Structures are given as structure tokens and as C-alpha cells.
Protein chains: 2
Amino acid sequence: MKFSVQRAAFIRYLADVQRAISSKTTIEILKGLKLDLFEDGLTLTGSNADISIESIISIADEEANLEIKEPGSVVLPARFFNEIIKKLPADTLTIETDNQRFLTKITSGPAEFMINGIDAANFPHLPEVGVNTTLAIPSDILRQIINQTVIAISNQESRPMLTGVHILIDNGELLAVATDSHRLSQRRIKISGLESAHYNIIVPGKALNELARMLDESSKDVEIQIAENQILFILGHTSFYSRLLEGNYPDTERLIPKNSETTIEFNAPELLHAIERASLLSHEGRSNVVKLTLDVKEQRAVISGNSPEIGNVEEALNFSNLTGEDLEISFNPDYMKDALRSFGQTQTTLSFTMALRPFTLVPTESEGDFVQLITPMRTAN
Amino acid sequence: MKFSVQRAAFIRYLADVQRAISSKTTIEILKGLKLDLFEDGLTLTGSNADISIESIISIADEEANLEIKEPGSVVLPARFFNEIIKKLPADTLTIETDNQRFLTKITSGPAEFMINGIDAANFPHLPEVGVNTTLAIPSDILRQIINQTVIAISNQESRPMLTGVHILIDNGELLAVATDSHRLSQRRIKISGLESAHYNIIVPGKALNELARMLDESSKDVEIQIAENQILFILGHTSFYSRLLEGNYPDTERLIPKNSETTIEFNAPELLHAIERASLLSHEGRSNVVKLTLDVKEQRAVISGNSPEIGNVEEALNFSNLTGEDLEISFNPDYMKDALRSFGQTQTTLSFTMALRPFTLVPTESEGDFVQLITPMRTAN
């Protein structure tokens, strides 16, 4: 194998593939980056147990200016390779592997590295998705759906399904739900072109988090292929594979209350900052909890938090449209912060039934499409 | 105690004092920030076993707009206080302490914090420096002297003196030296106004590191007072106290070789980058070492590094004025990197005697004023 390439462009391709490679894996070859040089391009591949990423540098990419001298393959230690490429002195680099011992020479200007490579034949094969149906979702919308729901996944492997986001595609509509059983986030959106698609899958949250970082704010389509136990996202020259979680996701529809006794509207960023203040002290206490007190007659909303050792905090909130019954409700401020951050610069409506029943937050403007649900906490007082 | 102050200015004063406060100390009251409100200003004080910082907000500071309602003192938990102040909602904040129980109310806009304070009478007193002689060194020069020498201090408490920088003031000249016994950095500089001063002190390196972060690039004088076991730096409204290390610093003058067998010149940043590449692999091996090979007849300088597991690297270096004997010398690349970074954008001259004797680096332009010395390593091959 032998090729030369422009370093700056090569670094960009490398960065995407690097996301799939963990230096902590116990499978030695997965610490490696696979390079496959063909007649018309170079494929970089990284993989871990859950996701695989493949990026193709075509000879047509003028910025990369890939010059193919001799096709071939090798696996190189990813972390070192990455650091070496980043620190090379010249704009161009040349990589040459001897096809017997896989000893690889990296040259750039006066610097010459000799690195022990591994036979690429030992690298695991990428999953075969093998379906012909391709869905398309604009990059910015996919990114938004992921960022809005993935906040509510569980980090606990004891219920593996809850570490994923449940995605239902039906009737031209995409429904994404995540819950860790203390809070839930649900996004529903009509996407044109999905009219004849029917899917019911659970995608690992970690994979979606990595994917979201690779998605840009453009409306360029991301192509999606879904098979029995794999999903493939195609972003231009990069393919992102994730396994799917098996099993039946719990029925979350019934968790979202249909009615409410008390409702109130806040500016989401303003409420977020007030919660941040109220939680400054509660983080230190044994139970991380803040209290919201709504007095309908006095038209007063107060958030408070306390830590027996440090002190307490109280703040009267700005709000609008407080109606219904008086209420005193306690909750984990971290859940509320995650939910409010996902709303961005909007008004949000909070709807409560009772002090110990879950309550919802929705963007005031577009009710129904995006719901955050938080289970309150029982407190001593 | 009661006062109000502009939040943005208050945060700037707080940040300086915060440097002296560690949340890891076992002395509970030193986790606190002391506030002393007088008729004409507010003094903030933080301290740990080694350094103390005091910052005075005067009623004359228009940006701070300090309004004094009732003098008094209190100690507040520093970390919380800092976080609270940073997150307050309004431009102004008011602090009020009840002088019996030291319960402290912090208000800003609608937010109200009640924090348990401590009687300021329990806070340790600041050291009394009690000398009348004041030296003055421009801020930018002091910062440079510290940054150039403090890199070579030892981190090991087994020889406490080597954790400090040795400072000698005599004949209008300041000499600063640090060594961890593997490398040494020495800076010598004439400073006008020091003609009649004579000092021989060891200042803890950690204190100097903190001080350097507070020094700006201006030529504004920093006032310095030195007593038996304390040093005080006065930077405008802020006083920085450090204890001095006791004992006799080793005689370092004799360590610096007077003659050399081989000399060579490099561009400091270029050599730094080459060393960074050569050390990429050696960091992984058991001994972190790179090798420099100088061939005078061929006029060739090569840096190389290797790790048996990963591979090796070799690079021909750009240089000028290579004269003397051929040489092959091995050294810890981290020492070399620290030394080269301290030179900035200049040419540097390296002078060697023998492969196992210490060698020196000096800026080519101003020999003698600034010397870095590195002890090479013995290697198997």
C-alpha cells in the first residue's frame, strides 16, 4: 500500500472515524484504524462493539489530493496515528506499508515514522445492512430530534432498553421517546417522504450522541437504512453504523397525563437560570431537590432550595398565565435543567396534576409535538 | 455588616483572592473567604498554609460602586459564595450579615440566598511583613523571570528547598535559579533601583506560579517587601503574601559548564516541534527518552525516538553553526520541551561537553543572561 494525501483534509476525515474508536477496548485490533486503499479512493474504518464508522476519501476530492501509488490495506494504532498525523511538519504526507510485515512508513517533510501495523484481514467485518429501502431526513432535523430526546435515556445497564431512544415511524410521522423512568422526553414530527415507511426500533443513546456531533445544521438529507438489528446513517462520504437494541420498549404513551389541575408559563432560559441558582446549594445536601410553590390567588411562583449545612435560597419567578389549583412540588433540578436546555429560547408551559404525579413541560407555541415529563420527589417537609 | 456592590467588578476582585483558597484544606475556616467592611472600603482575604491574598475594593472605585451601609466582618464558604455571585440575576448585589449569628443574606434582583457564615475573629491573621524597604520590579519582567525559572522546580517534597526558586539580589542584579537536580534554569537581570538591596531567599514555586497568573504584561511596578520568612508582592489593590522556604539552597553556579566540545544553533520553535514528534512514541516506552545525533563532518543533526511496541521516528533537523566533536546524546524530551517553550520565538544555542555530562541551552542573542541546563540520560544502546 502506498499513497500521499493533503494533511489538513486527511485530518478532517480521520476525526469522524476516530469517534468510533475507543482506546479502552479489550479487543486489541479495535484500538486500530483500518486503511483500505483502492484504485479510486481510500477507506478509513473505526469500530467498537456498538458503532462502526467508515469514511471514504475519493480521488475526486481536490482538497485531499489523494495520490494512489499502490493499493493495499493495513490496521494502525489509532491513537498514535492520530497524534502523529496532527504533529507532522509538512502539508503533505505519504504512507507506505510493506504488504508482508505491515511495517508502515509515514513521511512528511524531514520526519519519518516507522509504525508496526497489523494485517487488515484480522479486522472485524462491518455489519451488512443489506436493505434496499432508504429513508431521508434533513441533517438539522435529525440532529434536533436526537438532542431533544437523548437527554432522557438511562445510563444504567440494568434495563438495557432504556439506554436507547425508541423510534417509531408510521403514517409519515416519526415519534422518538426516551425515558430513564424518572423523566421522559418525547418528540413527534411529520417528515415528508416517510409516508410508506413502518419501523419500530430502539437505537442506543450513546450511538445517537456520537452521530449528533457529526450532523451539521444544514438541511442536507441524511440517508438511513434500517435492517433487523442494524441501522446505517449515510452522511456524504461517511457511513455510520449502529447496532439496534433488542426487545420491546415499554408503553410510554400512557405515562403522559391528559389533564392538568394547574398550569403556568415561563420563559425557558429565565426559568433555567433560576433553577440553576436554586440548585446551587441543594447539590450539596443528601437529596438533590428544589421546591416550586405556586399560589394562584396571590399570583406568586417561588422556587427554593436548601442545604442544612450551607444555607438556603428563595426566588420569586417571572411567569404568565398561572391558573388552577395551588401547588407545592419538589423535583430533581438536574432533570428540569436538561429539559429547559432542550427548549432553547422559547416560552414553556408547565402542567401539573398533583404534587406527587409527573408533570409536563411543553413549548408554549407548539403543544403536543414535544413533551418533557418529570416525576416529582417526595420530601420530608 | 451591610453593603451593595456592582457584580461584574466584584467578580474580578473575588477571582484574585480565590487563588489562595483551596477547597481541599483540612482547616475548615481556610475554605472560607473573609470579608471585612470598613468605612472606606471592603477587604477580601483568602489564605492557605503557603500563600495569602488580600484585595481591597475602595469606595473610590467607580466601576465597583461600593455602597457601605454598616461596617463589619464575616467568613463565608468560598466555593459556594463564588458560584452564587457568578449566577446572580442582577447587575447589583447586596450582602447583609447579622453580627451575632453571622447568618448572611445575599440579594440580587428577585434572588435571595441565606448562607451560614463564620465569625471572622476565628480567621488566621495575615503575616506581618513589617519592613520599610520596598523593591519595585515591572510586572512584565517579574512575570518573565518567574515563567522562565519555575519550570525547573522539583515537585518532590523530599527535598523541600528544590520546590522553590532561589532568588539572589545583589549589585543591582537579580539572579533567579531553579533546579530539580535533573535540569536547571537560571535567569540573571539588571534591574534599576535595586542597587542597594541585598537578599538571598527561596520562594515556593507554587506561590510564584499563582503570582505569575495575576501579573499582567504591563510595565507597571510590582512592589515587593521581604522579611525574615515572608515575602509580600503588592499589585495595585491586591497584596500577595507567601512564606519563604528555609535553609541554604545548593550551590548551582558550579553545575553550569564553562567550556564546550560541540555547539549548534536551532530555531527554538522548530526544534520544539521536532522534539514533540520524536517524543510521541517514547512516552509509551518504559524510559521516556529521545536521541540527538550530531555529525559535524556530514553537517547532519538527527533526532530520533522509539518504542519497541509501537515503532520509531527519525527526523533530520534544520540547524546552523554546528561545530566541534561528533556527538550522540539521549535526554528526557519533556525537559527539552519545557526549556524550549521558555525561549519563545528565538534562535537557541546548544552547547555540549560529553554524552553523559549536562548540556546547556541559551538564547543565541543574549548569552549568559538566561541558561537552561539539562542532564542527559544513559541509554542501553
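From a predicted model like this one, the values you see are computed outputs, not experimental measurements.
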Handout entry: Set of ring pair (Phe, Tyr, Trp, His ring centres under 6.0 Å) partners for Phe359(B), sequence neighbours left out
Key = Phe331(B), Phe352(B)
Completion exercise
d(Glu314(B) CD, Lys105(A) NZ) to nearest 0.5 Å is 10.5 Å
Problem - Donor-acceptor under 3.5 Å (Arg277(B) side chain, Lys87(A) main chain) - result: yes
Problem - Single hit among Ile310(B), Leu281(B), Asn312(B) for side chain to side chain contact (heavy atoms under 4.5 Å, CB included) with Phe113(A) - result: Leu281(B)
Practice task
With sequence neighbours left out, write down each residue that passes side-chain hydrogen bond (donor to acceptor under 3.5 Å, both in side chains) with Asp98(B), or none if nothing qualifies.
Solution key: none
Practice task
Determine whether more than 12 heavy atoms belonging to other residues, nucleotides or ligands lie under 6.0 Å from atom CG of Asp91(A).
Solution key: no
Practice task
Nearest 0.5 Å please: distance from the NZ atom of Lys86(A) over to the CG atom of Leu280(B).
Solution key: 10.0 Å
Handout entry: Minimum-distance pair of heavy atoms, taken over all atoms of Pro110(A) and Ala316(B)
Key = CB-O, 3.3 Å
Problem - Atom CZ of Arg300(A) with >12 non-hydrogen neighbours under 6.0 angstrom - result: no
